[in-house]
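Please read the structure below before turning to the comments.
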Amino acid sequence: MTMQPTDLATYNFAYLDEQTKRMIRRAILKAIAIPGYQVPFASREMPMPYGWGTGGVQVTASIIGPDDTLKVIDQGADDTTNAVSIRAFFAKVAEVSTTTSTADATIIQTRHRIPEEKLGEGQILVYQVPIPEPLRFLEPRETETRKMHALEDYGLMHVKLYEDIARNGHIATTYAYPVKIEGRYVMDPSPTPKFDNPKMDQSEALQLFGAGREKRIYAVPPYTSVVSLDFEDYPFEVNRFDQPCALCGAEGVYLDEVVLDDRGGRMFVCSDTDHCEKRRAAGHKGTMAGGEIGQ
Amino acid sequence: MTVAGSVSHIEEPVDRPAIPAADATEEKPLLSASGVSKFYGSRIGCEDVSIDIWPGEVLAVVGESGSGKTTLLNCISTRLMPTTGTVTYRMRDGQTRDLYRMGEAERRFLMRTDWGFVHQNPADGLRMTVSAGANVGERLMATGARHYGDIRATAGDWLGRVEIAEDRIDDQPRAFSGGMRQRLQIARNLVTGPRLVFMDEPTGGLDVSVQARLLDLLRGLVTDLGLAVVVVTHDLAVARLLSHRMVVMKDGRVIETGLTDRVLDDPRAPYTQLLVSSILQA
């Protein structure tokens, strides 16, 4: 549609053809109408391997317009291969403007993190999901898990949490922590750390989940209740960190551990690179900000 | 019973008779099957079977392999839709309901609260990859128990009642012997205080001494809890030890019913006579 004349074969706007986009949009609308329900859709082959975000890319391609600004993060970082490639992909096939700034983006495609900065109305968070079925490792039969969702038969989910406590003394699930949406469907929030679960609850932004290989789309509309499952005597808790970010000194954010040398040296830095950079630009300094790494 | 508190939304019957139909308030059968037939194509699974199960009674279904025992059990326990016939069940609120006219959600709820099903092969009835405690606790969690400490305490209590040492609570059933697995399966079924338990060859595949212990345990539990039990077995000794009443099946049909001692001591149908006389006298 808006492609420049070139010798190369041209694509339709945002790579997918219009029929495919309509099909995916219908799945998205259904997903929004039934929060947490996994809607099957006819996932297409994308020019990237499964596991690299084919589901997320298809969702993004279906909702993106020429006026959108796209941000892509991979484990919170804007500068990893996956994030850079997908950003470049949409810059090429949809000619949209891209950004690394959370506040400026209208669509944020993410792999395994929710940005630290609070998302607002009008923003859309698109998750790349490897395995959408929260009950998969407990019940291998797809026919049975669908029935369990339909009948709200979720006792098994607590069996998993029970096993965690029995084995480890606490709920040891730290990512892909199961949540209940609007008191009805149990949903896998994709492998985000459970640290991010509270951000999903009553979020102002629309959250869409795309699983390309498993051919499922699900959604959490804005202002929807998202409750992490737990026991009365073992309530849900988020990950805690003993120290602030070594670069920007931020506390109460999700940190990555970075090994510095082969003598046990390590540092903890913000997993959300955009958040960290903004804080440093605003003058916040962590313990290692002045050194070689800080530059 | 200890579990009553954790499944409080299920009405606990005030009194359960240990002897069949001894109580005048329990006049109606718990489960009633009438004219149940199941055809596999042109072959017969079971044909025109009508049986009643009364509260607190143990009914044995005996017969040779292929006589339709398991088909009948599956038909009356909603695991297999019969071709014709009706199966009704008297719910805890006293209402009699047609099992195959209930919604699936309701049926599942019934199956995991008011019923138990003990499989011949414990691996079919257990989750082999989660601990014994979680296996016993699963039904409690499925019916809304959300307190880890309480669930674990109830599971530990039930392991004790089926003679599994309490320090095995965090072991997986894979680490258990056949007899222990079968006892674990029984505990898992009884934890919600069911009124009716179906058992498919519960002692199959166990050696004789383990069988004897299991039967002893079952007999104790059934009497203590006033359970109604339908037990399918080809072993007449099991029927003699456990059951009050007996149904003898051959080629998918019921050929004789009666009190267990009467059927075994004074069999009327020729086939039953053959069956009884073919027991090896040790």
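Model, not experiment: these values are computed from the prediction. Protein chains get the first letters and strands the later ones, always in sequence-line order, with residue 1 at the start of each. Any value given below was found using the heavy atoms of this structure, including those in side chains, with hydrogens, waters and symmetry copies removed.
Of residues 186-212 of chain A, no residue lies under 4.5 Å from chain B by any heavy-atom pair. Chain B is approached within less than 4.5 Å, heavy atom to heavy atom, by L151(A), D153(A), G155(A), L156(A), H158(A), V159(A), Y162(A), E163(A), I165(A), A166(A), R167(A) from residues 150-183 of chain A, ordered by number.
R101(B) CZ: 12 or fewer foreign heavy atoms inside a 6.0 Å radius. More than 12 heavy-atom neighbours from other residues, nucleotides or ligands sit within 6.0 angstrom of CZ on R136(A). Around the CZ atom of F137(A), the shell of radius 6.0 Å holds no more than 12 heavy atoms that belong to other residues, nucleotides or ligands. When the shell of 6.0 Å around CD of E144(A) is examined, it contains more than 12 heavy atoms from other residues, nucleotides or ligands. Heavy-atom neighbours of E257(A) CD from other residues, nucleotides or ligands within 6.0 Å: above the threshold of 12. Summarising the local packing, CH2 of W52(A) is surrounded by 12 or fewer heavy atoms from other residues, nucleotides or ligands at distances under 6.0 Å.
The residue among A105(B), G103(B), S131(B), A142(B) with the most heavy atom pairs within less than 4.5 Å of chain A is S131(B). Most heavy-atom pairs under 4.5 Å with chain A, from the set E138(B), R108(B), R112(B), R127(B): that is R108(B). Across D170(B), T129(B), V130(B), the residue that shares the most heavy-atom pairs under 4.5 angstrom with chain A is V130(B).
Not one N or O on the side chain of D233(A) forms a donor-acceptor pair closer than 3.5 Å with the backbone of H147(B).
Between atom CZ of residue F231(A) and atom CE of residue M141(B) there is a gap of 5.0 Å, rounded to the nearest 0.5 Å.
For a residue to count as touching a neighbouring chain, one of its non-hydrogen atoms must lie under 4.5 Å from one of that chain's; by this rule Q172(B) touches chain A with the side chain only. Both the backbone and the side chain of R152(B) come within contact range of chain A, with heavy atoms under 4.5 Å apart.
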